[in-house]
Amino acid sequence: MTTSLFSPQHRRKMLWAWGLCLLVLVMASVLASLVQRDFGRVAVRNVTYTNASGIRIRAKLFQPKGVTEQSPGPGVVYIHGYQNNRETADPYAIELARRGIVVLNIDAIGRGNSGEPAAPDSPDFDPTYGGTASLAYLKALPFVDEARVGMMGHSLGAEMAYTVALNDPSVQALSISGFAYGEEATPTQPKNMLMIFARWDEYRARMTGTRDFVTEWMSTPRTQRVIPVADPQLGVTYGDFADGSARRVYMPHTIHVMTSFHPGAIAEAATWMRQALKPAPDLWRDPARQIWQVKETATFVAMLAGLLSLLPLSWLLLTTRFFSPLQATVTGRYHCTGRPFRRAVLVNSLLKWLYIPLIMVLFAIHIYVIPIDGLFPMMMVNGLVWWFLVINLIGLWLFRRWYRRQAAPQGVTLDDLGVSALPDRLHLAGSYLGKTALLGVLLFVVLYVLQAGLEALFIVDWRCIFPYLSDLTPYRVGMLALYFPFMLVGFLGTGAFLHGMVRRPPQATWWRTFVHWTGTNILIQIVPLALFIVLQYAPLLLFDVIPLVGPGGVMATFVMTLFQLLMVLALTALISTWCYLLTGKIYLGALVNALWVAWLLASSQVIAPIPV
């Protein structure tokens with residue numbers, strides 16, 4: 001099977017496949033850039049500045065072409081949520097900029113390419129995570145009318161935007177989503193406030209103190225103080241923009257994370273800023289006509305094309321004289337079917353269902369026993385890596401036990417299972433390990449250069465709803481190195497399970513085998529975790545009940561993270577299966593996956609305490 005896979009007649013096909021992936025990658029990046037620039041009507045560029053403590057802040061600045069020093073326009077600062085980066089706010093930024101409003105879309109401190117936050121008890125700690133400094137930067141721009149500036153944000157970023165607007169009377173408009181105004185708010189401060197809160201927001205108890213947002217929020221003491229009228233209603237504007245007393249609560253029918261991607265919410269925010277900040281009338285357009293969806297789709301396609309390009313590229317490199325010794329035939333002497341397969345998959349599911357319990361144990365250790373964020377500062381990553389490492393260490397122990405008690409007595413060898421070059425003990429030649437490591441690093445470097453190079457040219461990263469891959473600061477390179485060994489151990493355990501213990505029978509051709517194995521492995525990886533999503537969102541959408549919340553909403557946060565994690569596990573299963581088919585061993589796939597997933601975690605996740 002592997003011999004036919006490396007037939008010389010496939011070289012032209014692999015070259016075409018690699019070229020096609022690169023073409024799609026570049027075209028998708030160009031399209032994403034064109035959309036965020038409104039096809040030439042908005043200038044987009046990176047800017048950097050520092051806060052009062054000297055911490056670096058990076059932002060994406062959107063400047064409509066009709067807004068100049070001679071004709072300054074209004075501007076807003078947008079602050080994304082807790083575990084995101086600036087690209088998450090692009091739907092709002094793109095649509096506001098297309099309508100004549102300058103947008104400073106920031107990487108909050110501790111996120112993206114901005115600097116690392118100081119400790120909360122340090123005098124250098126910035127409670128607005130760069131929000132105050134960003135407003136000052138925006139107001140100093142010569143093409144921004146400092147008398148017409150606003151703040152916007154989502155979730156924790158909305159809290160930061162709210163804090164800035166509450167304490168700075170120069171802020172003429174505020175739009176907060178996924179967050180609720182507090183007891184500090186009055187009928188006129190913050191000025192001209194729009195609150196967007198999802199019908200099925202998972203954080204409603206934490207943010208609003210309500211069990212049923214629809215029936216309770218507008219009659220709470222907070223709302224009565226902010227909107228001092230009899231029986232205020234959702235979706236109705238109260239007050240006057242002229243004196244800063246305009247107030248409105250809009251409820252999109254969605255969940256927390258999707259408030260950043262809800263066309264109705266975006267249209268509401270754009271219309272609100274128009275009424276409060278008065279951009280040039282000739283730059284306004286119907287708020288329902290939105291194009292950000294094209295950009296979000298294009299960056300997702302770019303990511304898929306980039307990762308898929310590793311498949312033909314690895315084949316081409318393995319056909320070179322230097323790397324050809326890594327080629328190996330996948331032995332057909334062992335495969336798993338029937339009851340043993342079902343039993344092994346069930347055990348795998350039980351391990352994956354330790355997701356929330358193991359993460360809660362880690363946070364309990366962090367809070368009550370010994371803080372771990374001094375050595376491992378990315379607390380969201382710590383939870384994910386801890387879970388992945390623990391279940392795969394258990395999996396490796398179970399694999400060893402299964403091999404000794406069941407597989408070996410039946411004549412199955414470690415070579416058959418793709419973990420060793422010898423039949424009866426674990427052994428890999430030094431030259432094999434060296435060339436495997438070199439090939440894996442080479443594939444990773446090519447992928448990183450493609451992503452970072454295109455991001456430098458077009459100012460777009462690889463993402464879809466959630467951030468996935470973006471360029472790294474030197475500090476985040478260190479984070480990649482810190483978490484990489486744990487991910488490598490985890491993917492070695494995953495590889496031994498998928499390609500050893502539960503490997504399905506081969507099909508008639510290498511291509512059919514690849515498709516069959518990949519599909520099976522993806523389902524094994526994602527179905528158990530998908531049940532967490534069903535457990536959380538079926539009761540929420542059907543009965544308005546949120547089963548998994550946790551202290552400060554931490555359980556809800558990690559369930560939301562599963563949407564991103566399922567995509568990652570599906571892609572790693574694909575890459576791992578391909579590499580196994582090429583080499584007959586689990587090591588190349590484990591290395592490549594550990595590198596790019598550690599990159600994903602280092603580039604996309606937050607460096608900050610858990611907000612509980």
Side-chain angles (χ1 to χ4, degrees), residues 33-52 56-80 86-87 89-108 112-114 128 130-153 157 160-161 164-165 168-175 191-192 241 244 266 269-285 287 290-292 295 456-460:
S33 176
L34 288 171
V35 170
Q36 76 173 358
R37 299 173 190 274
D38 197 20
F39 300 93
R41 289 181 284 270
V42 174
V44 180
R45 62 183 181 275
N46 281 320
V47 295
T48 57
Y49 47 93
T50 60
N51 72 350
R56 178 179 183 266
I57 302 168
R58 185 184 74 160
K60 188 188 292 190
L61 180 62
F62 293 75
Q63 180 185 355
K65 285 298 178 69
V67 176
T68 64
E69 292 186 38
Q70 294 72 35
S71 180
V76 300
V77 173
Y78 197 108
I79 310 176
H80 58 78
R86 63 185 187 175
E87 300 283 326
D90 270 3
Y92 283 83
I94 289 169
E95 299 306 331
L96 287 169
R98 296 177 66 223
R99 291 162 176 82
I101 299 174
V102 176
V103 182
L104 186 64
N105 185 13
I106 78 169
D107 277 334
N113 276 38
S114 289
T128 67
T132 300
S134 297
L135 178 62
Y137 181 88
L138 176 75
K139 291 164 65 175
L141 293 172
F143 47 84
V144 171
D145 181 356
E146 62 177 317
R148 293 184 288 158
V149 295
M151 295 293 299
M152 302 180 68
M160 304 302 105
V164 172
D168 191 335
S170 72
V171 177
Q172 299 299 309
L174 172 67
S175 173
K191 294 178 180 176
N192 300 321
F241 284 97
I266 295 167
T271 301
W272 190 261
M273 290 300 168
R274 179 197 187 194
Q275 293 171 304
L277 302 181
K278 299 182 175 9
D282 60 314
L283 297 179
W284 185 254
R285 64 184 74 187
Q290 300 175 16
I291 63 173
W292 61 267
K295 187 255 181 185
L457 286 173
F458 300 115
I459 319 182
V460 293

> Step by step, would you call E146 with S170 a side chain to side chain contact (heavy atoms under 4.5 Å, CB included)?
Replying inline: CA-CA 8 Å; E146 62 177 317; S170 72; over 6 Å; no
Side chain [X], main chain [Y], donor-acceptor under 3.5 Å:
X    : Y    : result
H80  : A108 : yes
T128 : M160 : no
Q36  : F458 : yes

Please name the pair of heavy atoms, one in [X] and one in [Y], separated by the smallest distance, quoted to 0.1 Å.
X    : Y    : result
R58  : S114 : N-OG, 2.9 Å
Y92  : A269 : CE2-CB, 3.6 Å
V44  : R37  : O-NH1, 3.2 Å
V171 : G150 : CG1-CA, 4.0 Å
P64  : A97  : CG-O, 3.3 Å
I79  : G131 : CD1-CA, 3.8 Å

Spacing of [X] atom [atom1] and [Y] atom [atom2] [to the nearest 0.5 Å]:
X    : Y    : atom1 : atom2 : answer
I57  : T48  : CD1   : OG1   : 10.0 Å
I266 : Q290 : CD1   : CD    : 5.0 Å
F39  : L34  : CZ    : CG    : 5.5 Å
S175 : N192 : OG    : CG    : 11.5 Å
L135 : I106 : CG    : CD1   : 10.5 Å

>> Please enumerate all residues that pass ring pair (Phe, Tyr, Trp, His ring centres under 6.0 Å) together with F241, with sequence neighbours excluded.
In response: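 By the ring pair (Phe, Tyr, Trp, His ring centres under 6.0 Å) rule, F241 matches W272.
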Contacts table for residues 98-105: side-chain donor-acceptor under 3.5 angstrom, sequence neighbours left out:
from	atom 1	to	atom 2	distance (Å)
R98	NE	D38	OD1	3.1
R98	NH1	E95	OE1	2.8
R98	NH1	R289	O	3.0
R99	NE	R285	O	3.4
R99	NH1	E95	O	2.8
R99	NH1	E95	OE1	2.7
R99	NH2	D286	O	2.8
R99	NH2	R289	O	2.8
N105	ND2	R86	O	2.8
N105	ND2	D90	OD1	2.9

>> For R274, give me all partners under salt bridge (Lys or Arg N to Asp or Glu O under 4.0 Å), at least two apart in sequence or on another chain.
In response: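 R274: no salt bridge (Lys or Arg N to Asp or Glu O under 4.0 Å) contacts found.
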Quick one: does [X]'s side chain get under 4.5 Å of [Y]'s, heavy atoms only?
X    : Y    : answer
D168 : M151 : no
Y137 : V47  : yes
N113 : N46  : no

> Where do K60 and E87 land on the side chain to side chain contact (heavy atoms under 4.5 Å, CB included) test, with the steps shown first?
Replying inline: CA-CA 9 Å; K60 188 188 292 190; E87 300 283 326; 2.8 Å; yes
>> Apply side chain to side chain contact (heavy atoms under 4.5 Å, CB included) to residues Q172 and R148 and explain how you reach the verdict.
In response: CA-CA 6 Å; Q172 299 299 309; R148 293 184 288 158; 5.7 Å; no
>> Please tell me whether Y49 and S134 have a donor and an acceptor in their side chains that are separated by less than 3.5 angstrom.
In response: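 Looking only at side-chain atoms, S134 and Y49 do form a donor-acceptor pair, the distance falling under 3.5 Å.
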>> Applying side chain to side chain contact (heavy atoms under 4.5 Å, CB included) to T132 and N51, what does each step give before you reach the verdict?
In response: CA-CA 8 Å; T132 300; N51 72 350; over 6 Å; no
